[in-house]
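Below is one structure; the comments refer to it alone.
In what follows, every heavy atom counts, from backbone to side chain, and hydrogens, waters and symmetry copies are set aside. Residue numbers start at 1 and run along the sequence shown.
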Amino acid sequence: MNTKGTTSFRNPFWPEGFADPFVLKSRGHYYAYATENNGHPSAQTSVFPILTSTDMVSWQPAGKAMAALGEPYFFYWAPEVTEYNGQFLLYYAVHTEEFAAGIRVAVADNPTGPFMDSGHDLTSAFVPWAIDPHVFRDLDGQWYLFMTIEFNDPSTGLVGSGNVVDRMLDPFTLQGTLTQVTRPSQSWQLFEAQRASKGGRDWYTVEGSTVLRHRQRYYEMYSGGCFMRDNYAANYATSEMPMGPAGLQDTSWHDKQGLRRLVQGNADLIGPGHNSLVAGPNNVESYIAYHAWQPDMQARRPCLDRIFWHGEDLWTPAPISTPQPAPAQPRLRDLFEQSALQPHWQPLSGAWNISRDAVVQQDVAATSAELSNAEPLSPTWVLEINVRAISGSGDYGIALYNQGQVAASLTIIPEQLQLKLELPAHQRQQTQSLPAGTNLMAWHQLLVSVAGSMLIVQFDGIQILEILIDQPVQLFALLTRGCSAEFSAISLTDHFRDEFLNKDYSLAQMGWQDGSETGLQDWHIDHGTLRQSSAREGEHILIKGPAYEHYEYGATFKLIDAENSSRQAACGLVIQPQHAENIFIGLTRNQATWTLQITGTANMHTEKAIPADANFDPTDWHTLRTDQRHTDLRIFLDGSEMLTLKPSLPLSTRYKVGIATRNAAATFMSVWQTGYTD
């Protein structure tokens, strides 16, 4: 099933108050949760409004999450939901006094509830006031709870609320070693000058953690300032570890410096903050969900904007109040909401049917049951499959086909709690243990990606396998062997993202090809980057991936050296149209100045000066991104849109992409491409 979603959306995405929005993606559906507007709900009154969507554009109300606890509890704040072993755990803050609050956990079998409070208060034994819970699960499976507490010692910094972290022994228990993450340290984080309720002291606020890991580094997004005023904004800090060794005096986390916050308000969206992060429908775009006031100042309404990696830096255009492209859809998406299988599914063996938004293979005795998908795989792709075991002692997963033969199979073995990779042509297999305690009768997500010869498998967001396969694959099939299993929310996206973190892989294994007849000898993977080391005169070009009509493509890079300042040094992106000359998009030196230059087809020999007041330095990291849709080629530098061009080529032209240097050496930190469905 090829998919096309709504073409655009506009912030706020919901017309009513929906503060502190947390968005969960589960089996192809989105669930947004918000702080309760009713500050003092009576017992059994429902709290925490929920919205649902399948495309992140059209949202519908889905009631409220749980029943209020009654006296003495009030102020139900900042719910976040974590899915674990078939249960949904709702972490929330609730008050018993104005400055006494604890973080509790409620449990449900469904993301829309009803959630039942578990009776567990995680924090009150350690601190009198804790709010804004955020659960982070690291790649080793360890859980951490980030939260906001008070810092009252003026000798160690600004007084006010700040963020800490603790290890979780289980979903309901903290280790009890609260450790500093980010506390107030900058003037913009002022909540209230001479705050009367705090003894007349200037009170500062840092709150609302959201944590992720990228390129072996940890990132904590947080909000600061006063949520009722226009100084409220979001920023981020980084660390080499999620939790340092020195408790409340720890300094492992470091704030991003500079005048510009990650998200700060404008005249249309005021005081944006308290964000969460969620993957888009195609599993490769990322979105930041946050609340903001509008000029009427009547409510904090929810917003969504894309967030990007510029190498090791986070960047977002948020807040955006004008219409913007809707989240991109995958090329294939099936939520199995029809009563019968769609034509692109072909049963090869076994008993396959649809039940409760899933496709089920019911024949436990089938030695090998396969449901083949007719959608061809490109050379670079990401495939999401949600799976769960039903009965039997066999294994289940996917088969990958090359020219009608199984090139590889990836299956889960419940009895051994393992993932197994088989390569039949070489009579090889490899197994990897799944996280301890995993209940395979519950739903779990497999995310499989291929780029070149690299195959990577994630299980519930944890990477558990990375291996080279020596055969291209063209099709996939769902597979069971000696068991019954269910599959749901299947999506396929054309995509690759290279971070060059593994120096043991060759460029050819990663799918890169020489595009300039100079060979690959001057390109080297080193210290998490791809380096083109020759500054000799001429072009060095690498090409990767299939050709697309519509795509997004980008890279983060910096200039290293240009031997002769009299020559025009350049580095950037190259696009190869079918049956036409290359289009070069790069940072180019003209004597002492730098420009964004585009050369190629007849109407594209143009350049745009980079403003001198930007203190532009080509030896710093910069990110170029292109977006090719229909007749428009949009070009972005470090997030800002620089140019929109219309190549003089037929609408059906397909383009391959690559990276290039001219008369210069350069280093590339990350390169990515996503194929669009429209």
Side-chain angles (χ1 to χ4, degrees), residues 27-28 85-86 283 332 334 336 341 345-353 358-375 377 381-402 405-435 438-450 454-467 469 471 473-493:
R27 293 177 57 202
N85 268 345
N283 285 311
L332 164 75
D334 205 331
F336 299 104
L341 287 169
W345 293 107
Q346 294 296 322
L348 302 181
S349 54
W352 299 88
N353 61 72
V359 60
V360 188
Q361 200 294 109
Q362 295 180 313
D363 187 356
V364 178
T367 304
S368 178
E370 291 191 40
L371 180 64
S372 178
N373 192 282
E375 190 75 18
L377 299 173
W381 48 266
V382 176
L383 176 67
E384 177 190 7
I385 297 180
N386 293 268
V387 294
R388 76 180 188 97
I390 299 178
S391 60
S393 59
D395 56 334
Y396 57 94
I398 61 171
L400 301 174
Y401 276 85
N402 173 42
Q405 302 295 318
V406 176
S409 64
L410 283 163
T411 57
I412 292 171
I413 311 172
E415 289 191 346
Q416 300 174 24
L417 200 60
Q418 289 182 331
L419 178 85
K420 178 171 66 174
L421 169 72
E422 296 176 276
L423 302 171
H426 302 282
Q427 297 183 334
R428 286 175 53 206
Q429 72 176 41
Q430 178 175 332
T431 59
Q432 182 67 44
S433 296
L434 298 176
T438 299
N439 172 18
L440 292 174
M441 302 292 283
W443 286 106
H444 297 278
Q445 184 201 61
L446 279 177
L447 205 62
V448 183
S449 62
V450 164
M454 294 171 54
L455 182 148
I456 299 173
V457 183
Q458 294 182 28
F459 180 86
D460 288 345
I462 299 175
Q463 183 170 314
I464 61 172
L465 181 66
E466 181 175 326
I467 196 170
I469 56 175
Q471 296 185 68
V473 292
Q474 292 96 23
L475 295 170
F476 77 93
L478 309 182
L479 170 67
T480 70
R481 293 185 290 212
C483 69
S484 177
E486 283 188 284
F487 303 78
S488 73
I490 295 175
S491 68
L492 173 67
T493 299

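In this structure, the separation between OG1 on Thr493 and CG on Asn283 is 6.0 Å, given to the nearest 0.5 Å.
A 4.5 Å side-chain heavy-atom check between Tyr396 and Val387 finds at least one atom pair inside the cut-off. Taking 4.5 Å as the limit, some side-chain heavy atom of Phe476 sits within range of a side-chain heavy atom of Ile490. At a threshold of 4.5 Å between non-hydrogen side-chain atoms, the residues Asn373 and Asp334 do not count as touching.
The salt bridge (charged side-chain N to carboxylate O under 4.0 Å, His left out) pairs that include a residue from residues 425-434 number zero, where partners must be two or more places apart or lie in different chains.
The nearest pair of heavy atoms linking Ala358 to Phe336 is N-CB, 3.8 Å. In plain terms, the two heavy atoms of Gln362 and Asn353 that are nearest each other are OE1-ND2, 2.7 Å.
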(message) Please evaluate residues Phe487 and Thr480 with respect to the criterion side-chain contact (heavy atoms from CB on, under 4.5 Å), reporting the C-alpha separation (whole Å), side-chain torsions for both, the decisive distance (0.1 Å), and the verdict.
(response) CA-CA 11 Å; Phe487 303 78; Thr480 70; 4.0 Å; yes

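The main-chain N or O of Ser349 is found under 3.5 Å from a side-chain atom of Trp352 such that the two form a donor-acceptor pair. The main-chain N or O of Asn439 is found under 3.5 Å from a side-chain atom of His444 such that the two form a donor-acceptor pair. A donor-acceptor pair is defined here as one N or O able to donate and one able to accept, closer than 3.5 Å; no such pair exists between the side chain of Gln429 and the backbone of Leu421.
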Return all side-chain donor-acceptor pairs below 3.5 angstrom for residues 364-371, not counting sequence neighbours, or 'none' if the list is empty.
unit_1 : atom_1 : unit_2 : atom_2 : d
Glu370 : OE1    : Tyr401 : OH     : 2.5
Glu370 : OE2    : Tyr401 : OH     : 3.1

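Asp363 and Gln361 share no donor-acceptor pair across their side chains, judged by distance under 3.5 Å alone.
Taking Arg481 as the reference, Asp395, Glu422 meet the salt bridge (Lys or Arg N to Asp or Glu O under 4.0 Å) condition, with sequence neighbours excluded.
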